[in-house]
Amino acid sequence: MRHVRATVRFADGVRALAEAGADAYLEIGPDGVLTGLAARVLDDATDADGATLARQPP
């Protein structure tokens with residue numbers, strides 16, 4: 001039951017994936033809610049040096 005009551009740290013997870021080099025994300029479900037949230041997190045994400053974590057197109 002702990003996982004049901006614990007705080008969801010979605011933004012932290014998305015940032016960790018970006019820092020690890022992930023450049024593609026897949027949402028499976030009836031809605032694209034998390035995809036939109038992930039995009040917003042990546043747009044707003046910056047590291048300690050102020051560099052963006054979101055991958056920029058070449």
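The residues of the chain are indexed from 1 along the displayed sequence.
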* Please identify each residue that fulfils salt bridge (charged side-chain N to carboxylate O under 4.0 Å, His left out) with Arg9, with sequence neighbours left out. => Asp12

* Asked: Under the criterion side chain to side chain contact (heavy atoms under 4.5 Å, CB included), which of Leu37, Leu34, Leu42 is the partner of Val14?
  -> Leu42

* Asked: Which atom names give the shortest non-hydrogen contact between Glu27 and Val33, and what distance separates them?
  -> OE2-N, 3.7 Å

